[in-house]
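Below you'll find the structure, written out as structure tokens, and then a few comments.
Note that these values count all heavy atoms, side chains included, but never hydrogens, waters or copies made by symmetry.
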Amino acid sequence: MGKFSSDLILWYKENKRDLPWRRTSEVYRVWVSEIILQQTRVNQGINYYLTLTEAFPTVHHLARASEDEVLKLWQGLGYYSRARNMHAAAKYVSQELNGVFPDTFDGLLKLKGIGPYTAAAISSICYNQPHTVVDGNVFRVLTRIYGVETAINTSQGKKQIEELAQSLNDGKAYGDFNQAIMEFGALHCTPQLPACQCCIFSDTCWALQHNKVHLLPVKEKKLQVKKRYLNFIVLFNKEEQTVIQRRNHNDIWRGLYQYPLIETTQVISPQNLLNTDELRELTAQQDIHLISEYSFKHQLTHRRLIINILNIQIPSLAHLTSPQYQLIKTDQVNKYAFPKPLSRIFNETPKHRL
DNA sequence: AAAGCGGGGTG
DNA sequence: CACCCAGCTTT
């Protein structure tokens with residue numbers, strides 16, 4: 001075993017965190033943790049892991065749940081296709097594989113929501129197979145220590161790090177190596193302010209010796225943040241009913257619920273909104289009463305959302321008979337999974353209704 | 001190859 | 001504010 005892997009694994013054994021999914025060897029639980037941790041920090045995922053594994057102790061429990069139930073528990077974590085894919089994969093494993101997860105890299109790769117990273121993680125952690133993970137931590141740690149200045153968001157840069165990582169994972173503890181390098185990136189070789197003063201690799205780290213730690217890894221393009229203007233219409237009648245709908249198109253928040261939405265290409269005033277054809281259709285030209293309206297911004301990684309909320313009292317909701325609409329009591333909105341910017345207004349909305 | 005998909009933490 | 005996180009899927 002090379003010096004890099006032996007030093008790294010030794011560091012890991014002394015510094016690793018006590019995390020819930022490290023207390024089990026069940027593939028199901030490791031799988032759930034890996035899906036949660038895709039593009040998500042450990043601290044953000046822990047409570048979701050505990051909640052989900054308590055609600056669904058086995059893959060069969062998860063498979064028997066409805067997609068709405070799974071999404072409700074996933075509410076607030078983001079990247080909701082993970083929850084939908086995880087649920088679909090659970091049904092497949094439960095029904096077609098008799099509840100037994102595939103035990104090979106290629107078999108795991110066939111499950112929805114499992115890509116090269118997750119297949120390598122599960123096969124190495126659960127079965128100690130010789131596959132090597134390449135995630136954001138691995139890119140950072142290896143480009144710095146080995147001085148790789150190729151942009152990591154190119155196929156060439158990816159391939160370079162994959163081969164380097166694979167060659168370094170040369171011991172027999174493949175799963176430990178993978179967890180060790182990710183833990184090292186998360187706790188020590190961090191994106192900002194890495195702890196280079198007390199680093200076990202300070203003697204050999206290329207970036208430290210060339211004073212380029214903060215410049216690695218190299219990324220080529222920046223993402224573009226586009227704006228979207230979302231106007232949500234909260235309708236309610238004297239019986240304290242309201243109407244919601246499920247987002248079923250291929251867009252953000254797919255599978256979650258929302259109040260009827262009027263999306264515009266630019267800022268629109270509440271008064272102009274009231275005059276749109278879409279709103280006339282929603283209200284069926286009834287004598288409505290605009291109780292309140294307010295606006296706020298919601299920042300996603302690659303979108304800036306400008307959100308309007310219109311609270312409208314309306315005599316009747318009986319005209320909204322299309323199957324896309326669901327009439328519910330206003331105190332039942334908490335039963336459904338809502339996007340963060342909508343779930344956060346639940347506690348504010350009732351005040352505006354008085 | 002590039003775009004789309006959330007929400008939160010950090011400096 | 002910019003950048004990043006135990007990435008995957010679709011275009």
Side-chain angles (χ1 to χ4, degrees), chain A residues 12 16-17 19-22 30-49 71 74-86 88-89 108-122 124-125 131-141 151-159 162 165 175 177-187 189-194 214-226 228 247 249-256 297-305 337-344:
Chain A
Y12 177 63
K16 71 173 181 180
R17 289 167 287 184
L19 300 173
W21 46 87
R22 288 186 178 152
V30 172
W31 168 65
V32 171
S33 78
E34 290 298 342
I35 302 298
I36 289 175
L37 293 174
Q38 289 168 2
Q39 290 289 285
T40 302
R41 287 171 205 278
V42 164
N43 286 338
Q44 191 187 357
I46 287 181
N47 284 339
Y48 284 90
Y49 171 84
L71 283 169
W74 202 273
Q75 173 178 303
L77 191 56
Y79 284 158
Y80 298 94
S81 65
R82 292 182 295 174
R84 292 185 290 106
N85 287 333
M86 181 179 77
L108 289 162
L109 208 50
K110 289 190 172 67
L111 300 182
K112 281 189 180 180
I114 293 188
Y117 162 79
T118 307
I122 296 175
S124 67
I125 293 172
H131 298 284
T132 301
V133 299
V134 180
D135 75 332
N137 294 302
V138 176
F139 277 121
R140 188 171 56 257
V141 170
I152 61 168
N153 53 352
T154 62
S155 53
Q156 195 196 354
K158 282 191 183 70
K159 190 181 172 197
E162 277 167 16
F177 176 94
N178 286 335
Q179 296 199 71
I181 193 169
M182 292 191 286
E183 192 83 335
F184 186 75
L187 297 181
C189 193
T190 49
Q192 309 171 77
L193 299 184
H214 62 292
L215 297 177
L216 290 172
V218 175
K219 283 193 179 178
E220 249 170 17
K221 316 129 196 144
K222 292 194 216 182
L223 58 85
Q224 256 212 72
V225 178
K226 297 173 184 169
R228 288 180 72 170
R247 293 178 63 89
H249 40 298
N250 203 0
D251 193 6
I252 58 173
W253 303 323
R254 182 170 184 180
L256 275 60
K297 296 173 171 56
H298 185 77
Q299 187 69 47
L300 305 179
T301 296
H302 52 291
R303 292 289 180 271
R304 185 164 182 81
L305 307 179
F338 277 81
K340 199 69 176 178
L342 291 181
S343 67
R344 81 167 227 210

Problem - Nucleotide nearest H298(A) when distance is taken to its side chain, options dT10(B), dC5(C), dG7(B) - result: dG7(B)
Problem - Gap in Å between the two C1' atoms, one belonging to dT9(C) and one to dG8(B), rounded - result: 23 Å
Handout entry: Any donor-acceptor N/O pair, N85(A) side chain to K112(A) backbone, under 3.5 Å
Key = no
Exercise for the section: Tell me whether the OP1 or OP2 atom of dC5(B) has a side-chain N or O from R254(A) closer than 4.0 Å. Expected result: no
Practice task
Using a 4.0 Å heavy-atom cut-off across all strands, classify W74(A) as base, sugar-phosphate, or nothing.
Solution key: nothing
Fill in the blank from the handout: By nearest-nucleotide position on DNA chain B, the 5'-leaning member of F338(A) and Q156(A) is Q156(A)
Handout entry: Side-chain donor/acceptor contact of T301(A) with base of dG6(B) under 3.5 Å
Key = yes
Handout entry: Proximal nucleotide (of dC5(B), dC4(C), dG7(B)) relative to the P341(A) side chain
Key = dG7(B)
Practice task
Would you indicate which nucleotide in dC1(C), dG6(B), dG8(B) comes nearest to any side-chain atom of R304(A)?
Solution key: dC1(C)
Exercise for the section: Look at all strands and tell whether T118(A) reaches a base, only sugar-phosphate, or nothing, counting heavy atoms closer than 4.0 Å. Expected result: sugar-phosphate
Practice task
Give one of base, sugar-phosphate or nothing for I36(A), where a contact means two heavy atoms less than 4.0 Å apart.
Solution key: nothing
Practice task
Choose from dG7(C), dA6(C), dG6(B) the nucleotide whose nearest atom is closest to any side-chain atom of Q38(A).
Solution key: dG7(C)
Exercise for the section: May I ask you to verify if any side-chain N or O of K340(A) is less than 4.0 angstrom from the OP1 or OP2 atom of dG8(B)? Expected result: yes
Handout entry: Any donor-acceptor pair under 3.5 Å from T154(A) side chain to I152(A) backbone
Key = no
Practice task
Would you please indicate yes or no on a ring centroid separation below 6.0 angstrom for Y49(A) and W21(A)?
Solution key: yes
Exercise for the section: Determine the interatomic distance between C1' on dC5(B) and the same-named atom on dC4(C); round to the nearest Å. Expected result: 16 Å
Exercise for the section: Could you give the distance separating dG9(B) and dC8(C) at their C1' atoms, to the nearest angstrom? Expected result: 23 Å
Exercise for the section: Pick the C1' atom in dG6(B) and in dC3(C), then give their distance to the nearest Å. Expected result: 15 Å
Practice task
Would you state whether a donor and an acceptor, one from the side chain of T40(A) and one from the base of dG7(C), lie under 3.5 Å apart?
Solution key: no
Exercise for the section: Go through dA6(C), dT10(B), dG6(B) for me and flag the one nearest to the D135(A) side chain. Expected result: dA6(C)
Problem - Between T190(A) and R140(A): side-chain donor-acceptor atoms closer than 3.5 Å - result: no
Exercise for the section: Without swapping roles, check the side chain of Q75(A) against the backbone of F338(A) for a donor-acceptor pair under 3.5 Å. Expected result: yes
Completion exercise
Out of dA6(C), dT11(C), dG9(B), minimum distance to the side chain of N250(A) belongs to dT11(C)
Handout entry: dG7(C) base / Y117(A) side chain donor-acceptor hit below 3.5 Å
Key = no
Problem - Pair of N/O donor and acceptor under 3.5 Å linking dC8(C) base with R82(A) side chain - result: no
Completion exercise
Of Y80(A) and N153(A), the one whose nearest nucleotide on DNA chain B sits closer to the 5' end is N153(A)
Problem - Which nucleotide in dG4(B), dG7(B), dG7(C) has an atom nearest any side-chain atom of H302(A) - result: dG4(B)
Practice task
With the side chain of R22(A) defined as its heavy atoms from C-beta on, choose the nearest nucleotide among dC5(B), dG7(B), dA6(C).
Solution key: dA6(C)
Fill in the blank from the handout: Of the listed dG9(B), dT9(C), dA6(C), the closest approach to the L19(A) side chain comes from dA6(C)
Exercise for the section: Give a yes/no answer on whether the side chain of K158(A) brings an N or O atom under 4.0 Å of OP1 or OP2 in dA1(B). Expected result: no
Practice task
Would you indicate what G76(A) reaches in the nucleic acid, counting non-hydrogen atoms under 4.0 angstrom: base, sugar-phosphate, or nothing?
Solution key: sugar-phosphate
Exercise for the section: Would you indicate what T154(A) reaches in the nucleic acid, counting non-hydrogen atoms under 4.0 angstrom: base, sugar-phosphate, or nothing? Expected result: nothing
Completion exercise
Taking dG7(B), dA6(C), dC1(C) as options, the one with an atom nearest any side-chain atom of Q179(A) is dA6(C)
Practice task
Would you please say whether a donor-acceptor pair under 3.5 Å links the side chains of T118(A) and Q38(A)?
Solution key: yes
Handout entry: Side-chain donor/acceptor of E183(A) to backbone N/O of R17(A), under 3.5 Å
Key = yes
